[in-house]
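In what follows, every chain begins at residue 1, and chains take the letters A, B, ... in the order their sequences are listed.
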Amino acid sequence: MSFKTFLRHMREGFKNVFRNGWMSVASITSIVVSLFVLGVFILLVLNVNSIADKADSQVQINVHLTLNTDQKMRETLQNEIGSMPEVSKVEFVSKEQGLIEFREDMGPDAAELLEGFDEDNNPLPDKLLVEVIEPTTVPFVADKIEALNKTHDEQPIYKVNYGKGSVETLFKITRAVRNIGFVFVAGLALMSMFLISNTIRVTILARRKEIGIMKLVGATNAFIRWPFFVEGALIGLIGSLVTSGVLYIGYSSLTRSVQGDPMLGLQMIPFDEIWVLLCGLLVGLGMLIGIWGSTVSIRKFLKV
Amino acid sequence: MIEMQDVWKTYPNGTHALQGISVKIDRNEFVYVVGPSGAGKSTFMKLIYREETPTKGQISVGGFNIGKLKPRKIPYVRRNIGVVFQDFRLLPKLTAYENVAFAMEVIEAPKKIIKKRVNEVLDLVGLRSKANREPSQLSGGEQQRIAIARAIVNNPSVIIADEPTGNLDPETSWGIMQLLDEINFRGTTIVMATHNRDIVNKMRKRVLAIEHGNIVRDQVRGEYGYEF
């Protein structure tokens with residue numbers, strides 16, 4: 001194929017989108033609708049994921065120390081825990097600080113209950129707050145820390161606490177949310193491919209006569225196929241760009257209204273961070289479907 | 001130009017459309033193919049432009065053995081055969097000019113040459129002034145003229161016309177026949193299936209009559225020979 005012929009196919013493909021007027025509108029609309037549903041779901045899954053990630057990473061290990069642990073022992077422990085490869089951060093929280101934080105957590109309603117506790121009369125132990133790199137290693141690291149007790153005669157660790165049970169449940173839930181999300185997205189992607197290619201197939205069915213005529217005039221299959229290819233790609237491109245635009249407008253206004261509302265306390269992923277991924281995916285998928293739908297459907301008629 | 005040797009065509013449903021046809025059509029001939037409906041005329045035509053393949057026998061058109069043609073090669077043979085139909089078969093969304101030009105784009109002719117040649121044939125069929133109209137804006141006779149222009153634009157050696165006047169009134173039909181006669185005069189072989197008695201009897205040419213899948217009559221300057 002010469003370059004001039006290639007240009008001719010491009011031109012014809014562009015023209016065909018307009019020549020087929022309402023048929024093109026129908027194809028583009030079906031692409032927009034399907035990709036929109038898919039896009040909304042992807043955004044939802046991404047956000048749920050990010051919330052789940054945050055929940056996971058907030059899991060900490062509380063290492064409560066026995067009352068008579070001295071500073072030297074404490075520092076040794078801090079070093080030993082800090083040198084574990086899974087651990088990202090070890091922070092010492094003195095019992096005084098612990099009491100202040102406890103008061104804050106409980107709020108003004110509980111002020112009465114905590115009355116009488118002060119520096120001299122503090123029931124809280126000193127503790128080490130341990131954060132890990134990979135949230136799922138929390139139970140394992142906790143066991144490791146507990147085992148440190150055996151290496152010291154003083155048995156400085158009173159208790160290792162990480163919300164055993166509830167943490168495992170949290171991980172299970174976040175993992176399930178992720179998996180279900182991806183299954184849904186994959187299913188939706190498949191479904192929209194099917195829907196769109198079906199619409200395109202119908203619009204091409206209306207043109208099988210044209211294809212027959214082209215063959216009678218002596219057009220090769222490639223000559224007939226190329227403009228259809230370009231047309232399909234273009235329809236997919238237009239459809240996915242429209243979808244991306246609609247999603248952008250909808251998502252940014254939603255982000256703005258949610259962010260302004262302290263009650264929800266939700267942190268949505270800013271569109272800037274995901275638009276490349278999202279739009280890239282939509283445009284790629286849209287064009288793929290457009291091309292696939294048009295070339296697969298005409299293959300049948302080319303055998304005339 | 002066209003030669004058939006003992007050609008049989010049996011369709012998958014068991015219809016024996018052609019039963020051992022042998023015929024030779026020379027360069028520059030004008031041949032009418034007549035006969036009752038369902039006698040095998042259309043199959044005869046379709047075999048020539050390779051819409052169908054023979055079940056048995058040999059067909060050659062312009063030196064190509066059409067029966068043995070690989071599907072990949074079909075387009076190239078068709079470019080040497082112009083086809084004209086009762087229902088015109090123009091591309092509905094293209095203008096008259098674009099319809100004719102399409103046949104030249106297919107052979108990847110340069111744009112300049114396409115423009116020159118398309119205008120030439122539009123002049124020949126008398127429709128240069130309506131070049132920018134779409135088929136739906138043209139009358140039946142005009143659409144058929146455009147179809148003929150498309151058929152001849154690449155200078156084919158044969159034109160296959162399957163009832164080209166079937167949808168047209170007598171006056172318009174005469175115009176089309178004069179056009180085909182002119183094209184034949186310029187050196188193109190024409191094979192035309194028809195039910196039009198007046199035309200065959202007034203414009204005397206070779207007549208092939210097909211009945212029950214056989215050629216039952218082959219006359220030089222023949223007549224229609226049927227009452228309908």
S.K.: Counting only heavy atoms closer than 4.5 Å, note whether B:I107 contacts chain A via side chain, backbone, both or neither.
M.R.: neither
S.K.: Might you confirm whether atom CH2 of B:W174 has over 12 heavy atoms from other residues, nucleotides or ligands at distances under 6.0 Å?
M.R.: yes
S.K.: Go through the steps to decide whether A:E210 and B:K93 satisfy the test salt bridge (charged side-chain N to carboxylate O under 4.0 Å, His left out), and finish with yes or no.
M.R.: CA-CA 10 Å; A:E210 287 179 45; B:K93 282 155 205 138; 3.3 Å; yes
S.K.: CD1/A:I213 to CZ/B:F88 distance, rounded to the nearest 0.5 angstrom?
M.R.: 12.0 Å
S.K.: So what's closer than 4.5 Å to chain A heavy atoms on B:E98: side chain, backbone, both or neither?
M.R.: side chain
S.K.: Check step by step if side chain to side chain contact (heavy atoms under 4.5 Å, CB included) holds for A:T220 and B:Y76.
M.R.: CA-CA 8 Å; A:T220 57; B:Y76 303 96; 3.4 Å; yes
S.K.: Distance from A:N16 atom CG to B:L94 atom CG, nearest 0.5 Å?
M.R.: 8.0 Å
S.K.: Should we say atom CD of B:Q19 is surrounded by more than 12 heavy atoms from elsewhere, each under 6.0 Å from it?
M.R.: yes
S.K.: Is any side-chain N of the basic residue among A:K215 and B:E51 closer than 4.0 Å to the acidic one's carboxylate O?
M.R.: no
S.K.: Counting heavy-atom pairs under 4.5 Å with chain B, which one of A:I224, A:N221, A:N20 comes out on top?
M.R.: A:N20
S.K.: Rounded to the nearest 0.5 Å, what separates atom CZ in A:R11 from atom CD in B:E105?
M.R.: 7.0 Å
S.K.: Check whether B:R79 reaches the backbone of A:G218 with its side chain - one donor and one acceptor, N or O, closer than 3.5 Å.
M.R.: yes
S.K.: Count the heavy-atom pairs under 4.5 Å between each of B:R150, B:K111, B:R89 and chain A, then report the option with the highest count.
M.R.: B:R89
S.K.: Relative to chain B, which segment of A:R8 carries a heavy atom at a distance below 4.5 Å: side chain, backbone, both, or neither?
M.R.: side chain
S.K.: Atom OH of residue position B:Y11 - does it have more than 12 heavy atoms of other residues, nucleotides or ligands inside 6.0 Å?
M.R.: yes
S.K.: Quick check: are there more than 12 heavy atoms from other residues, nucleotides or ligands sitting under 6.0 Å from CZ of A:F184?
M.R.: no
S.K.: A:K4, A:R207, A:M214, A:K209: which one forms the most heavy-atom pairs within less than 4.5 Å of chain B?
M.R.: A:M214
